[in-house]
Amino acid sequence: MASAAARWNHVWVGTETGILKGVNLQRKQAANFTAGGQPRREESVSALCWGAGGETEILVGCADRTVKHFSTEDGIFQGLRHCPGGEGTFRGLAQADGTIITCVDSGILRVWHDNDKDVSSDPLLEVRVGPGVCRMRQDPAHPHVVATGGKENALKMWDLQGSEEPVFRAKNVRNDWLDLRVPIWDQDIQFLPGSQKLVTCTGYHQVRVYDPASPQRRPVLETTYGEYPLTAMTLTPGGNSVIVGNTHGQLAEIDLRQGRLLGCLKGLAGSVRGLQCHPSKPLLASCGLDRVLRIHRIQNPRGLEHKDEPQEPQEANKVPLEDTETDELWASLEAAAKRKLSDLEQTQGALQTRRRKKKRPGSTSP
Amino acid sequence: MAKSGDKSSSSGKKSLKRKAAAEELQEAAFAGDGATESEGQPPKAAAFPPGFSISEIKNKQRRHLMFTRWKQQQRKEKLAAKKKLKKEREALGDKAPPKPVPKTIDNQRVYDETTVDPNDEEVAYDEATDEFASYFNKQTSPKILITTSDRPHGRTVRLCEQLSTVIPNSHVYYRRGLALKKIIPQCITRDFTDLIVINEDRKTPNGLILSHLPNGPTAHFKMSSVRLRKEIKRRGKDPTEHIPEIILNNFTTRLGHSIGRMFASLFPHNPQFIGRQVATFHNQRDYIFFRFHRYIFRSEKKVGIQELGPRFTLKLRSLQKGTFDSKYGEYEWVHKPREMDTSRRKFHL
């Protein structure tokens, strides 16, 4: 039963009490998976990513510096890998060619051999990225390229197969109109598909686009949104815009061609901890500290599609990675921090009935 | 002419009014389609053209008159219906259907999906390991710092003093224009567990910030209806040094639970009560009413209470994770009026 349910989960969410939740949006159900059977705060999920083999395995990074392998087919935690070194929680987790890349808060980026038997092996590679890292993200097109950024830690792009020095090191923008240095706080990074560009969102409510291919090390585009730190970001299926969320639960879609605000999404009451767009459909899954998983429709019309209430509230930690086919389903879920992973197998769908909760006036045409 | 004089002089009398009305209607009838009326006798229902409503009468006095008459008529009918219903109920006796319960906003409350089920294990685990766990496990005892916004006026100062008599082990300090972010680390080193800041606007307290100290959540409330001790009628004598009992009413949702636990952690956690003082935090429709009473059991079933202490009403504006940091802190819940206050029957606490 657990295995069947595990396979059909569309969205995976990690929580602060260490439970990995799989949400089945068709049946509006949530299933809890724990490594040890009981929730434990020490195992709070701080990073999630897909494992090797195309979305059949999830790598879960926990607060006690272990990376667990979770099989979506079987619905059980299969392996555990301890990744010591540095201080702080995982800020980034990625998988490349049978290796696991981890980055912690204090700036130690390590590449580990993804081998369960070799539990206490040394890292294959270690890079010091600089203290105060908030995010490490892997380029989906080039698995050995990662980008890191954080508080007073400028955006750096690293090639793990290349030299020890970063491939691209961003420069801070010019002093502002009072001739004061603009502080740096990169909260989330995304690689734009189809080019080498990177988008970051900062704790000082800025969204910036960098282009390593150009000689300019400063951001190519900069826009601001709101007045609160932006905590999460995701790319939309079109590739031209990003959706950002801030600590007040405000979600906004920003067009990267012009730097314009396209529209906002409402519903969240707490800080946004995780956002993930479906790779092809205009759907967005969001989770935050208000313990609710929400699925939004981004266009035609812009509104709330589903809302999954938690049965047992927990705090959201991470954002979902992908969501698949969604129907009109209301799942009871604990939405705390979530990391979502999508299940691409579920592409055949039933009817997608339009549920208009609140239509945002002036929603853009697709 | 004489008749009209009579009309104006005896405006209180119904019959004359009716006669006058009849006359006017007659005139109107002549002018209009010619609906006939009986003369002399005051007609119970004047003949109007169909689809005519009282509000179409242009003459204000006349309109008022017709309206009052209609109202009296309605009242009579309502009374008659009530009496009839009562008679029927008495006639049926035991077989009478139960009385219908009137709808109130509290009755019609939209079911909140985040309402906590008492058997929920995840919530239980969450609460057992959150920031208040050390208080509920009796590992820490509360020590509260009460302060205000800068340069408080008399009412606020007196409210702080009275609050400090209500909350045991609390200390009032003058704010001196210090930044909260600088006060908080100092409080932590001095082992304070909670910080209460009463915000004042135009000489009245209007806000409350409650921050649980080591790294706990910060709740920001709007405070209204503040009554100091001398403004409370028929109150008892000043509160004594006994530790009060706490009553938390109606905190059903997950957010409500968090706030309820925050309030509970202000008072020492000791089920063996000495003294007859009780502090009540009653949540109704997202407003939290704070009252402080002294009770006495006069018999098995009768309790007498005297209100002591200050009273005020709170409404939650935001709950922030971590200690006070309104600019860069992460919020667990923010009140958004345009999104959350759309339904009169939906409440969040």
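Here is the naming used below: chain letters follow the sequence lines, and residue numbers restart at 1 for every chain.
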From R254(B) atom CZ to D290(A) atom CG, the distance as rounded to the nearest 0.5 Å: 12.0 Å
Pairwise distance CD(E122(B)) to OG1(T15(A)) - rounded to 0.5 angstrom: 7.0 Å
Enclosure of R317(B) CZ (heavy-atom neighbours >12, cutoff 6.0 Å): no
Nearest non-hydrogen partners of E332(B) and L289(A), listed with the distance: CG-O, 3.3 Å
Minimal non-hydrogen separation, H248(A) against Y331(B), with atom names: NE2-CE1, 3.2 Å
E330(B) bridged to R273(A) by N-O distance under 4.0 Å: yes
Greater than 12 external heavy atoms within 6.0 Å of E152(A)'s CD: yes
Other residues, nucleotides, ligands: >12 heavy atoms within 6.0 Å of R181(A) CZ: yes
Lys/Arg-Asp/Glu bridge criterion (N-O < 4.0 Å) met for R41(A), D126(B): yes
Polar side-chain atom of K336(B) near backbone of G267(A) as donor-acceptor pair, under 3.5 Å: no
Pair M340(B)-K266(A), side chain to side chain contact (heavy atoms under 4.5 Å, CB included): steps then yes or no: CA-CA 10 Å; M340(B) 296 182 184; K266(A) 55 182 181 175; over 6 Å; no
F136(B) atom CZ: more than 12 heavy-atom contacts under 6.0 Å: yes
Part of S318(B) within contact of chain A (heavy atom distance under 4.5 Å): neither
N/O donor-acceptor pair under 3.5 Å between Y328(B) side chain and Y228(A) backbone: no
Interchain contact, Q250(A) with chain B, by part (heavy-atom threshold 4.5 Å): both
